[in-house]
There are 2 protein chains.
Amino acid sequence: MLSNSRSAHQPHNHLRCINAALDRARDLCAQKNARLTPTRERVLNLIWQSHQPLGAYQLQEQLAKLSGKSIAPPTVYRAIEFLVNLGLVHRIPSLNAFIGCPFPNSAHSNLFMICQNCGSAAEATHSGLNDLLQSASNRAQFILKSQNLELFGLCLQCNTATTTNGEQVNHDYTND
Amino acid sequence: MLSNSRSAHQPHNHLRCINAALDRARDLCAQKNARLTPTRERVLNLIWQSHQPLGAYQLQEQLAKLSGKSIAPPTVYRAIEFLVNLGLVHRIPSLNAFIGCPFPNSAHSNLFMICQNCGSAAEATHSGLNDLLQSASNRAQFILKSQNLELFGLCLQCNTATTTNGEQVNHDYTND
DNA sequence: AATAATATGTTATGTTATAACATATTTAAT
DNA sequence: ATTAAATATGTTATAACATAACATATTATT
């Protein structure tokens, strides 16, 4: 089972995450004859600045700064679409936000663990999970094509913080 | 494992679905001292007219007809919020739409099987699935609070239709 | 260098959702 | 029964998310 839950939810050398993600993107684009244009690379870079999913309009604002000119929504959405199609970025529907995929080449569960306190989202693959969903689908005579699995809760950091000092920084990344 | 995949995705006496849903709602509201006002009951009724998730603005339009007067979005969203809080209705984030819950009292997986062809959504509970997600969360030291699990594909009806006559009525309920 | 294909710019608008405040209705308390 | 409190709805405006349609620019192919 692959997972980036450790790095996503805990302190780490994040420059590595960014560089690795950009390297993977360049590789994948070369391999697929897709153009990683400056705009697209910037958007990917911005998305990877943290492990918190970013909304399109947050990206727009930051992309405008990076580019030194104003950027209209379609430009952002196009870049996102490109990255999503290549599997480099996922959309998390319940958040209307986008997150970098840590393993764009591997088989996917599209399973996200989203912290309701700090907003970070970790992704995990899980073969047992896929088997189970497949068998549930079979039972229902449902032809499974794709999936979106979102778990909401507290990451280790935030859980520790809330249980030790009773204080909770609530950024309101709730789902319910 | 509970599931309404048979009834949701296949021909059935749908009046039963509607009546049962309204009965459950009345029970639950009585039990919780919550008021199932005409507006709320109408919205629930409208949501249960089919097994296809309805958007808030579709509900608005239909509610206006039912009520014989124009209805503003907040009225619809308030009714939805009420129903969602009671567990009578689920929001399906990837569709920005709402669907009736067939078993509002039972433990939930919040697992939806959404047909990309006809748009119908069936819900299933699955204890094995819950255990698996719980253990995945444990491994990631993630405190699981709630979840949203969306499967996209083809229901039996639509799969049969597409494979037998090659023709496909595509209403474009796609996710990818 | 001309053509085709791809990518971005630009304007406008569609779609989903909520904030803020006013009014009405229902419930509980006196 | 009357008042007060709580709950629900009406109303206006706007925020937040997303795409359509068409123009221009850039890159790849011939």
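Please read these numbers as outputs of a predicted model, since none were measured by experiment. Every chain is numbered from 1, with letters handed out A, B, ... down the list of sequences.
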With sequence neighbours left out, the residues meeting side chain to side chain contact (heavy atoms under 4.5 Å, CB included) with A:Thr39 are A:Thr37, A:Leu63, A:Thr75, A:Ala79
Hits for side chain to side chain contact (heavy atoms under 4.5 Å, CB included) against A:Leu59, two or more places apart or cross-chain, chain-then-number order -> A:Val43, A:Leu46, A:Ile47, A:Leu54, A:Val76, A:Ile80
Contacts of A:Phe112 meeting ring-ring contact (aromatic ring centres under 6.0 Å, His included) (sequence neighbours excluded), chain-then-number -> A:His90
Residue set satisfying salt bridge (Lys or Arg N to Asp or Glu O under 4.0 Å) with A:Arg26, at least two apart, ordered chain then number -> A:Asp23, A:Glu41
Residues forming a side chain to side chain donor-acceptor pair (under 3.5 Å) with [X], sequence neighbours excluded:
{"X": "B:Asn4", "result": "none"}
{"X": "B:Asn138", "result": "B:Gln134"}
{"X": "A:Gln49", "result": "A:Asn45"}
{"X": "A:Arg91", "result": "A:Asn96"}

Under a 4.0 Å heavy-atom criterion, DNA chain C is touched by chain A from C:dT6 to C:dT11
**OP:** Decide whether A:His126 and A:Ser109 meet the rule of one side-chain donor and one side-chain acceptor closer than 3.5 Å.
**Re:** no
| Heavy atoms under 4.0 Å, any strand shown: does B:Tyr57 hit a base, just sugar-phosphate, or nothing? | base
Cluster membership besides B:Tyr77, Ile/Leu/Val/Met/Phe/Trp/Tyr side chains within less than 4.5 angstrom, sorted by chain and number, is B:Tyr57
What residues 23-45 of chain B contributes to the DNA chain D interface at heavy-atom separation below 4.0 Å is B:Arg35, B:Thr37, B:Thr39, B:Arg40
Expected list for residues 72-80 of chain B near DNA chain C, using heavy atoms below 4.0 Å, is B:Pro73, B:Pro74, B:Tyr77, B:Arg78
